[in-house]
Number of protein chains: 2
Amino acid sequence: PRHIDWSAHMAEKGGYKHFMLKEIFEQPRAVRDTIAGRLREEQGDVYLEDLSLDDAALRGINRICIIACGTSWHAALVGKFLIEEHCRVPVEVDIASEFRYRNPVVDEKTLVMLISQSGETADTLAAMRESKRRGGKCVAICNVVDSSIAREADGVIYTHAGPEIGVASTKAFVTQLIALYLFTIRLGRSREVMSLEQGRDLIAAVVRVPALMEEALKLNEQVEKVARNYLQARDFLYLGRGMNYPIALEGALKLKEISYIHAEGYAAGEMKHGPIALIDEHMPVVVLVPKGPNYDKVFSNMEEVIARGGRVIAVCSEGDQEVKDKVEVALEIPEDGCDVNPLILSIPMQLLAYHVAVLKGTDVDQPRNLAKSVTVE
Amino acid sequence: PRHIDWSAHMAEKGGYKHFMLKEIFEQPRAVRDTIAGRLREEQGDVYLEDLSLDDAALRGINRICIIACGTSWHAALVGKFLIEEHCRVPVEVDIASEFRYRNPVVDEKTLVMLISQSGETADTLAAMRESKRRGGKCVAICNVVDSSIAREADGVIYTHAGPEIGVASTKAFVTQLIALYLFTIRLGRSREVMSLEQGRDLIAAVVRVPALMEEALKLNEQVEKVARNYLQARDFLYLGRGMNYPIALEGALKLKEISYIHAEGYAAGEMKHGPIALIDEHMPVVVLVPKGPNYDKVFSNMEEVIARGGRVIAVCSEGDQEVKDKVEVALEIPEDGCDVNPLILSIPMQLLAYHVAVLKGTDVDQPRNLAKSVTVE
């Protein structure tokens, strides 16, 4: 593995108490930079300068595997949803450390996508090499230019998050999501399963993300107050459905990483198959319930939690009085259709983990036992 | 949904303190019954009387989706491993409540497998109907004969676990695994990717399972003693890799369901991407480390846990002194190659959850908030 040139010396905290908070607030900028120069709004298409796969190559794919670890794996799960929904290509998501030791089914019609902020994640790199041996085309989503994974892949979609210092990934994650939105548009347009209109709509939604994120960042003070009331909690559950389910997983991982609270994310519909047994008045449950296609289902899962005494922190659409009337805490995100909800929901998830950790006094930017870039197996 | 005829009145505890314990001990019998009459050992093949898919149909499949909830979803994850490893067909596993509300990619070349003990699980039934609408062939793995899912599917592989009364599934789970082993052999042989020799070897491994389970059940007394030392634990982690990773998930779910301890399963290789931050001297970590292809990797993950003060309960192969020298507790399972490890490892997982719950005084057969058959969404 190559040396990574960025270091803490290159970045300054710029008035923020921690790199993590600075990076959370940088997200609108990071998203703008990742989009910049890539949109072909007129054609309802995007241009990915290092993708190295033309329309014919993209049409020749019959299956996609997205391979990643940790936070990047959550981005991959959102990617599966986006690609299957808009492009009708089957997508499998796998954990790199699992994929590389299976006997994975990959051939020359398989597109293998690798997601890694550092581009040096050992298991992801090994998974890519194994995929290439089997004839798969490999496209990497990386933040570090010229990193090992980016160099060895057939194509790259770089995120332009800038150097991320906090061990708990924030701006790298949301730019990975943006890269997946852009790739989805490119794939859908090249395969002619996405209409000009649909391409334009999805581009327009992506373009609105930075402003929506700025709006969501105004939750910061409220989230800090909320955090004070949950410091004693030893456990948390996070629930979501559909494309927001991976954000529940990511919210739980953030809290786990930096506050050492045992948080777990679940697909809301799985609650009744086990974890609901955990629910009592000591269990805070974060429920992602923005307006969107699964709203009613998540709402009813939320009611089940409340009926069993769980303390609900709901993340809902602005002005959703029905939710607000039911729960202990409601964090309202700006409403804007639902195509980009995973991006906007990520912000209160990050802020909640951050403030709980700061109030608990843990080392937020450098949590115990964790490394920024996992270059060992 | 149809009425399920089995009830608690039909089964007796037969001298056991709880149905769950009785059902754990019935597993060798349940496995024998599920295998009975289905093996064609001479041909290295199996006969699945209600599968309704001939060799030509099985050869026409280009992708498999396995859909399930809760414990059955863990069986599905083992199934993915088996089918990809032995049959080289890509397999996607999805949670029923997620699958049915996506826009899933299913066509007439997709085989959709549904796993449900009761055959009445609402989300799984809905997922099947949606798959059929899209042209997919549907095969169910059910325990209850003539249940809704079994009746509406194109084909069925019945498990012969007998009525399962304990809410936490045990014998239904292991017979689901057996059904997946049998299906893997049938699929591999029909597609001519599995040789006569390989078919015979896998059959021989399956045939040895009941005796190996009887051996593993002798752990009961040791596990009860171990359980006494972990009653105060508020959290548990369970780690495994490869085909044993789903058993780590299942072990955690069992403990969660009946003891209300917040247990979480993880792919061992993902530890360093987040959950390792949780590890300290208060955190018991169950590590599934039997001899097999990922042994060295799991062993090194186990050492990382120990280095951070975690209390390890290792489940290892009989006589593995290297593991025993390292850990607080070692539960030894009989060694027999590694093809059927998920089945054998399940037993100490079930016993550990059972004894912790009994000692904590919870209602083991009827845990709070949970229903045996989830016939609501």
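Order of the sequence lines fixes the chain letters, A, B, ..., with proteins taken first and strands second; residue numbering starts at 1 for each chain.
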Compare every heavy atom of A/N369 with every heavy atom of B/A277, then report the nearest pair and how far apart it is. CA-ND2, 4.2 Å
Using only atom types and a distance under 3.5 Å, with no angle test, would you say the side chain of B/E98 pairs donor to acceptor with the backbone of A/R241? no
For A/L278, is it the side chain, the backbone, both or neither that has a heavy atom under 4.5 Å from a heavy atom of chain B? both
Picking from B/M243, B/E84, B/E270, B/E264, which has the most non-hydrogen pairs under 4.5 angstrom with chain A? B/E264
Shortest non-hydrogen pair, B/K272 vs A/L370, comes out as O-CD2, 3.5 Å
So for A/I261, is it side chain, backbone, both, or neither that comes closer than 4.5 Å to the heavy atoms of chain B? backbone
Side chain, backbone, both or neither: which part of A/F81 has an atom under 4.5 Å from a heavy atom of chain B? both
Return the minimal non-hydrogen interatomic distance between B/S97 and A/G269, and the atom names on each side. OG-CA, 3.4 Å
Heavy atoms only, distances under 4.5 angstrom: which of B/N301, B/I279, B/V93 has the most pairs with chain A? Name it, please. B/I279
Quick check on B/T110 against chain A: is it the side chain, the backbone, both or neither that has a heavy atom closer than 4.5 Å? neither
Pair A/I95-B/H273, side chain to side chain contact (heavy atoms under 4.5 Å, CB included): steps then yes or no: CA-CA 11 Å; A/I95 295 167; B/H273 295 282; over 6 Å; no
Pairs of heavy atoms under 4.5 Å with chain A: top-ranked of B/E257, B/K254, B/R308, B/M283: B/R308
Measure distances from A/P367 to the heavy atoms of chain B and classify the residue's part below 4.5 Å as side chain, backbone, both or neither. neither
Which portion of A/V89 sits near chain B, non-hydrogen atoms under 4.5 angstrom: backbone
Check B/F236 against A/H262 and note the closest heavy-atom contact, atom names and distance. O-CE1, 4.0 Å
Is it true that atom CD of B/E281 has more than 12 heavy atoms of other residues, nucleotides or ligands lying nearer than 6.0 Å? yes
Are B/K80 and A/E92 within salt-bridge range, i.e. N to O under 4.0 Å? yes
A/S300 versus chain B, the contacting section by heavy-atom distance below 4.5 Å: neither
Measure across B/L253 and A/G274 and return the closest heavy-atom pair with its distance rounded to 0.1 Å. CD1-CA, 3.8 Å
I'd like to verify something: which residue of A/T362, A/I258, A/D280 has the highest number of heavy-atom pairs under 4.5 Å with chain B? A/D280
Measure B/A263 against the heavy atoms of chain A and call it side chain, backbone, both or neither at under 4.5 Å. backbone
Under 4.5 Å, counting heavy-atom pairs only, tell me which of B/R63, B/R88, B/E85 racks up the most with chain A. B/R88
Answer with side chain, backbone, both or neither: which region of A/A168 has an atom nearer than 4.5 Å to a non-hydrogen atom of chain B? neither
Heavy-atom cut-off 4.5 Å, strictly under: side chain, backbone, both or neither for A/P90 against chain B? both
Taking only heavy atoms into account, what residues of residues 101-109 of chain A are found under 4.5 Å from chain B? A/Y101, A/R102, A/N103, A/P104, A/V105
